[in-house]
**Q** 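Submitted below is the structure of interest, expressed as structure tokens.
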Amino acid sequence: MVTSSVPLRLNRLSSNCSTVDLWNSQIREAVNKNHPRKALLLFRQMKQNAIEPDNFTFPFVAKACAKLSDQKYSQMIHTHIVKSPFFADIFVETTVVGMYVKSGRIDCAYRVFDEMRERDVTSWNAMLVGFVQMGFLDRVCGLFCEMELVGIRPDAVTVMGLTQAVSKSKNLYMLKGIHLFGIKIGVYGDVLVANTWISAYAKCGDFGSAELVFDGIEEGLRTVVSWNSMIGGYANDDKFVDAFNFYKCMIGDGFRPDLSTIVSLLSSCKQPDELFQSKLIHSHAIHCGCDLAISVINTLISMYSKCGDVDSARFLFDGMHDRTCVTWTAMIGGYSCKGDMDAALGLFSAMEAVGKKPDLVTLLSLISGCGLIGGLGLGKWIDSYAGSNGLKNNVMVCNALVDMYAKCGSIGDARELFYVMSERTVVSWTTMVAGCALNGEFREALDLFHEMVEMGLRPNHITFLTVLQACTHAGFLEKGWECFNTMISVYNINPGLDHYSCMADLLGRKGKLKEALDFVQNMPIKPDVGIWGSLLSACKIHRDVEIGEYAAHHLFELDPHMAAPYVEMANIYASAGRWDGVAKMRSMMKCNKVRKFPGQSHVEVNGKTRTFTVEDRDHPEGILIYELLDCLSFQSKEDASYSRHLEGISDHDLR
DNA sequence: TTAGGGTTAG
């Protein structure tokens, strides 16, 4: 809408300046204050008032278009520029390149760039950044070489563009090369360049180099962005403790956190034991005035949910006036991840009722909740909802559905969907392998793994973990070793504690206790409670007092207050008739003040939660329940024996 | 120059 206030004001001010200068200053102010629409409105008014724009007007108008990232406006402004006498101006043309880059029209940007009669380093940088943003690494390198050939000297912006390009591809080797190049051309002292390097090194996982660059910035030159780059780097890698330590140093150095600091830090708080620090960050956000930004509130909702405080999340959610799809999804996800599907679905309906359209992330949250509670009926409904709302052609949604079906015990549905998916990623195959293993289809799990490898897909550390788990549960020792060795020698993946734990468990279950002990003792990483616990459990099955004592000794050292190792060791002693050992365990438990709390199970029947413990006979129908349980147990053993018979594995093999 | 909220495999 055209208003008369601006021209009137301009007329009053026009005594010392030309009219176009005044329009330009208004447009520039609107752009700098981040009001691109206002800038474009002023430009239209200017034309309507028959004021011809000059070579200063166009760059600002182009910048406004770039901020809007709108292809239609970009095209319109370009047409204006082409018709103007400033079309051949290097400054104007460079801005047009930047405008097209920002609106995602890299083809148009390159056409303008290619047809420029004259180019300076800024023109080359604008084009470089364009290719960087599109992830066209080969074009970036090509353009960079061409730039050198025509004798254009790269500057700090060139180095920053190249750094961003390689950080996107996580190519640490190339990043170090660009770092050296930056030092060579003398831009290493530029704090903007240093900040880009910090962020890039963090993205490549090289936190040592990131910290070296951070420490190398002169203290007076460090900015809040330098701190944010370090904090964001650690936060993105789920290293909350490191991120929080940097945050404390930042505050100690007198820096005021901004929106970026707060959002980065909060998004890395995912554990209940991080709730205290998270609340501290929340209070800082309030102190800094960042707590009202919608991105911060959304992150807070997600943070409180993940840390187990869903009530606080809901309190924030209820207090919001403008909720975006992200807000609704964060809260729905909060309920879903703790299995409260009634609340999650209630919000999903409320969301649709207020006219907010759920997206694929909303569905992903709901689907994973169904898998958690085994809600097959609800899961199927979401499947059909995804299909009728055009969200089922997404590979992530399909992966989540396959996972949900497998977790709900409906492996047939999982298989059916898996085989009709138009695209299958490593996650899809891993999900299917894990699903088969979960449903006892161990051979199919291994076949799928081999099929995936034959198709040229590269398995990752999670794929190997699921295959190892399948081998452990099936008792496939040879296959387990083969998989473990392949992971190291063929795929160059270092096994983590989980992989070692699986192998130790597999060896132990098969009664290869000495081999298992040797394996654990020679691990390149320190064995944890899980690994020693697996070995101790195997000793209990195979009644090995000596190795059992050794494993228990390590467990007592790691955590003397954990009851399970004392109980397991006492059982091992009892089965060997070593009553002195049983008494010793009792006395150690007393001495270390260890109390064993009986494990409880919960089951929801007709909306009512029932809680019970081992050998719990309090229920009025206890006798009937235990009779049925014995029946089921017998039937299950018979079924397992029959399955093994079919597969050619005897009970003897499993011992 | 950083970061940018909700998300699929263990």
Side-chain angles (χ1 to χ4, degrees), chain A residues 129 156-157 159-161 163-164 167 187 190-200 202-203 210 214 217 223-236 243 257-268 290 293-303 305-306 313 317 323-334 336-337 358-368 371 394-404 406-407 424-435 437-438 459-470 496-499 501-502:
Chain A
V129 168
V157 180
V159 173
M160 286 192 279
T163 305
Q164 287 170 330
S167 74
V187 296
D190 186 324
V191 70
L192 306 188
V193 175
N195 292 344
T196 320
W197 282 338
I198 293 169
S199 173
K203 275 183 192 149
F214 180 85
I217 304 173
T223 63
V224 69
V225 178
S226 318
W227 289 95
N228 286 351
S229 303
M230 272 316 305
I231 293 167
Y234 277 123
N236 278 341
D258 65 6
L259 214 82
S260 166
T261 328
I262 300 293
V263 170
S264 292
L265 257 181
L266 288 174
S267 59
S268 71
C290 301
I294 195 153
S295 60
V296 173
I297 308 176
N298 290 341
T299 319
L300 281 166
I301 291 171
S302 173
M303 177 277 287
S305 300
K306 282 178 184 150
F317 178 86
R323 300 184 188 115
T324 63
C325 176
V326 177
T327 318
W328 286 94
T329 305
M331 199 60 241
I332 289 170
S336 277
C337 73
D359 65 4
L360 72 99
V361 187
T362 323
L363 289 200
L364 288 173
S365 297
L366 284 169
I367 298 165
S368 74
N394 178 280
V395 71
M396 284 162 81
V397 171
C398 288
N399 291 345
L401 286 169
V402 169
D403 182 56
M404 179 274 294
K407 283 185 175 144
R424 281 181 228 124
T425 62
V426 177
V427 178
S428 325
W429 285 90
T430 307
T431 308
M432 200 56 214
V433 170
L438 184 71
N460 62 25
H461 66 289
I462 303 174
T463 319
F464 278 109
L465 186 63
T466 56
V467 176
L468 279 175
Q469 280 169 343
L497 269 170
D498 289 339
H499 302 94
S501 184
C502 257

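To find a chain, count down the sequence lines: A is the first, B the second, and so on, and within it residues start at 1. Nothing here was measured: the structure is a model prediction, and the numbers come from that model. Atom set for the values below is all heavy atoms of this structure, side chains included, hydrogens, waters and symmetry mates excluded.
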**Q** I need the single residue from A:Thr463, A:Asp403, A:Asn399, A:Asn460 that forms a side chain to side chain donor-acceptor pair (under 3.5 Å) with A:Thr430. Which is it?
**A** A:Thr463
**Q** Judged by modelled atom types alone, do A:Ser295 and A:Asn298 share a side-chain donor-acceptor pair under 3.5 Å?
**A** no
**Q** Could you walk me through whether A:Val402 and A:Ser428 satisfy the side-chain contact (heavy atoms from CB on, under 4.5 Å) test, starting with their C-alpha distance in whole Å, then the side-chain angles of each, then the deciding distance to 0.1 Å, before giving a yes or no?
**A** CA-CA 8 Å; A:Val402 169; A:Ser428 325; over 6 Å; no
**Q** How does each nucleotide of nucleotides 3-10 of chain B score, in 5' to 3' order, for protein heavy atoms under 4.0 Å: base (B), sugar-phosphate only (S), or none (-)?
**A** BSBBBBBB
**Q** Got a second to check how far A:Ile262's CD1 is from A:Asn228's CG, nearest 0.5 Å?
**A** 9.5 Å
**Q** So among A:Thr223, A:Ile198, A:Asp190, which one has a side-chain contact (heavy atoms from CB on, under 4.5 Å) with A:Ile217?
**A** A:Ile198
